[in-house]
Amino acid sequence: MATFSSGEAHDDAAARHAHVVGWGMAVPESALTNDELSTFVDTSDDWIFARTGIRQRFIADEGESTATLAYRAAQQALEVADILPTDLDLIVVATSTPENIFPSTASLVQDWLNAHDAGAFDLSAACSGFVYALNMAADSIRAGSIGAALVIGAETMSRILDWQDRSTCILFGDGAGAVVLQASPAPGGVLSSVLRSDGAGSDLLAIPSVGSIDADESRASTNGNKLYKMYMAGSEVFRFATRVISESIEQTCTAAGIQVTDIDLVIPHQANLRILQAAARKLGLDADKFMSNVEHYGNTSAASIPIALCEAIEQQRIQDKDHIALVGFGGGLTWAAMLIRWGVPEPREQHGSMLNRQRRHVQYRIARWRSRSRRWRRRVDRKVREIRD
Ligand code: UT7
């Protein structure tokens, strides 16, 4: 994929639109049902389902991680988009459970895909992260600085849950979803976005990490928060969520010059079915205009919107020219909404050409070889230097 110089950017920007042209998702092998959960946590299937709409979630096994799930989702998205990893200019992974504090999970995915012309970074905006990341990528495409981006939401929430805290551990699951965003002269694609934050609510939902003020033992014991474990003031977050979903969707519709009633499908962050029903009521929309799959996956944080998008497409709930609203909310506090005018690629493009599929597989193999050989060369160089000195 060509990158665009700033000179070209000015000429081209007005005619460039950012379209979703590929999508994919991945979840771990193992599911954990509410009944299984209630064998080691003081809870029940009845309580969890009635309060949240969740029946089960997927939990990563030893060999699975945020990066491996992100990689699988990314491969699928490239397949649907029928582009090569080397066509990508940017990879962004929205996550609260990165593989490392650094290097970024996005850099690992970039290496495994052999996307050697892409920049890569992780984005931290909790459950709003995917919409934030998509907005960053869409703006870069519309400004003319990039031509194609891979945007991923990926989480292994199971690794930062306090499995003794029944008010949080029953809610979350692991998974990843990805989309390919590409420049096109065709009108549509990402129409408008609203990104917001209220750091005064930072104590309502968090995972303290190395740089945290809570890393100080005495302070951590005063407020009861554990390092690397999530805590949440559930009912306050619930009230915040129902308010900001409707507000931000209305704002993004105003920015795009359409009515809320013009929305064909809302793809919200999957936190709790009751939140989605309350938000639909506030907006005056039928509840069935809100995509929900929380029953099957639980809350997968930054991954929930792209996973729900994939399922909505699979269930044929999205048609060409539909207005789709994405809306995320969570830790920060942060929230974000985006309006997309969908442009479904032709069926021929969706299935990918045989030749491109083979080229992608060759690139994945090259990626493994390239990465290993670079590490091996560094080790040899080091040894040579040691011997020489
Ligand atoms: O993704 C980021 C955004 N997150 C969200 O949007 C989550 C927002 N919050 C929620 O979804 C809900 O607040 C929860 C599902 C977390 C909790 O539901 P709730 O209706 O707000 O329940 P609650 O916290 O007010 O608790 C009600 C009762 C309490 O017992 P008492 O004090 O009334 O005797 C809790 O101790 O339910 C009890 N409880 C449980 N009982 C069985 C709390 N967790 C459980 C549990 N099983 N897992």
Side-chain angles (χ1 to χ4, degrees), residues 32-57 94-97 124-132 153-158 160-175 177 196-199 201-207 224 229-249 266-280 282 290 292-295 297-308 326-337:
L32 178 70
T33 64
N34 291 346
D35 284 330
E36 287 164 333
L37 193 57
S38 61
T39 60
F40 60 94
V41 178
D42 181 17
T43 189
S44 65
D45 177 49
D46 284 350
W47 192 96
I48 299 172
F49 188 67
R51 298 281 177 138
T52 69
I54 298 167
R55 283 274 191 220
Q56 65 159 42
R57 72 288 293 141
T95 184
S96 300
T97 51
S124 165
C127 307
S128 319
F130 181 76
V131 183
Y132 267 69
E155 305 278 12
T156 39
M157 300 303 286
S158 61
I160 49 81
L161 291 174
D162 177 352
W163 288 98
Q164 260 126 49
D165 176 6
R166 68 177 183 171
S167 68
T168 52
C169 76
I170 54 124
L171 299 171
F172 294 89
D174 302 336
R196 296 284 186 273
S197 171
D198 173 13
S202 58
D203 55 336
L204 299 179
L205 174 53
I207 309 168
K229 295 293 170 205
M230 169 188 287
Y231 65 85
M232 175 167 71
S235 47
E236 282 175 77
V237 176
F238 192 108
R239 278 196 297 279
F240 145 78
T242 50
R243 177 174 59 81
V244 298
I245 292 174
S246 48
E247 250 177 46
S248 58
I249 287 181
V266 179
I267 306 203
H269 167 47
Q270 305 288 311
N272 183 323
L273 189 57
R274 283 161 56 221
I275 293 179
L276 307 190
Q277 290 165 342
K282 268 195 165 190
F290 271 62
S292 176
N293 60 5
V294 71
E295 178 171 355
Y297 301 101
N299 178 343
T300 55
S301 190
S304 86
I305 293 175
I307 289 176
L326 311 184
V327 59
F329 50 88
L333 298 168
T334 55
W335 62 104

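Just so you know, ligand 1 is whichever comes first in the structure, and atom 1 is the first atom listed for that ligand.
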Between Phe329 and Phe240, how do the two ring planes meet: parallel, tilted or perpendicular, split at 30° and 60°? perpendicular
May I ask you to identify, for [X], whether its side chain, its backbone, both or neither come under 4.0 Å of ligand 1 on a heavy-atom basis?
{"X": "Leu205", "answer": "side chain"}
{"X": "Trp47", "answer": "side chain"}
{"X": "Ile275", "answer": "side chain"}

Residue-ligand contact Phe329/ligand 1, heavy atom below 4.0 Å: yes
Could you check atom 9 (N) of ligand 1 against the protein and tell me its nearest heavy-atom contact, residue, atom and distance included? Gly234 O, 3.0 Å
Students should be able to answer this: which protein heavy-atom is nearest to atom 22 (O) of ligand 1, and at what distance? Arg51 NH1, 3.3 Å
For [X], atoms of ligand 1 separated by under 4.0 Å from a heavy atom:
{"X": "Val237", "value": "3 (C), 4 (N), 5 (C), 6 (O)"}
{"X": "His269", "value": "1 (O), 2 (C)"}
{"X": "Asn299", "value": "1 (O), 2 (C)"}
{"X": "Ser235", "value": "13 (O), 21 (O)"}
{"X": "Ile170", "value": "48 (N)"}
{"X": "Met232", "value": "4 (N), 7 (C)"}
{"X": "Ala271", "value": "5 (C), 6 (O)"}
{"X": "Thr43", "value": "42 (C), 46 (C), 47 (N), 48 (N)"}

Can you find a protein heavy atom under 4.0 Å from [atom]?
{"atom": "atom 14 (C) of ligand 1", "answer": "no"}
{"atom": "atom 41 (N) of ligand 1", "answer": "yes"}
{"atom": "atom 48 (N) of ligand 1", "answer": "yes"}
{"atom": "atom 31 (P) of ligand 1", "answer": "no"}

When you measure from the side chain of [X] to the backbone of [Y], do you find a donor-acceptor pair of N or O atoms at a distance under 3.5 Å?
{"X": "Thr334", "Y": "Arg196", "answer": "no"}
{"X": "Arg57", "Y": "Ile170", "answer": "yes"}
{"X": "Arg274", "Y": "Arg51", "answer": "yes"}

Flag side-chain contact, heavy atom, 4.5 Å: Leu276 against Gln270: yes
Report yes if the side chains of Phe130 and His269 come closer than 4.5 Å at any heavy-atom pair, otherwise no. no
Reported [atom1]-to-[atom2] distance for the pair [X] and [Y], which is rounded to 0.5 angstrom:
{"X": "Ser158", "Y": "Phe172", "atom1": "OG", "atom2": "CZ", "answer": "12.0 Å"}
{"X": "Phe290", "Y": "Ile275", "atom1": "CZ", "atom2": "CD1", "answer": "11.5 Å"}
{"X": "Asp45", "Y": "Asp35", "atom1": "CG", "atom2": "CG", "answer": "4.5 Å"}

For atom 10 (C) of ligand 1, tell me which residue out of Val41, Thr52, Ile245, Asn272 has the closest non-hydrogen atom. Asn272
Should one rank Glu236, Arg166, Arg274, Gln270 by closest heavy-atom distance to atom 38 (C) of ligand 1, which comes out on top? Arg166
Any N/O pair Cys127/ligand 1 closer than 3.5 Å: no
State, to 0.1 Å, how close Gly175 and Ala303 come at their nearest heavy-atom pair, and which atoms those are. O-CB, 3.3 Å
Contact summary for Ile54 and Asn34, nearest pair of heavy atoms: O-ND2, 2.7 Å
Answer with yes or no whether the side chains of Glu155 and Thr95 bring together a donor and an acceptor at under 3.5 Å. yes
Member of Asp46, Ile48, Val41 meeting the side chain to side chain contact (heavy atoms under 4.5 Å, CB included) criterion with Ser44: Asp46
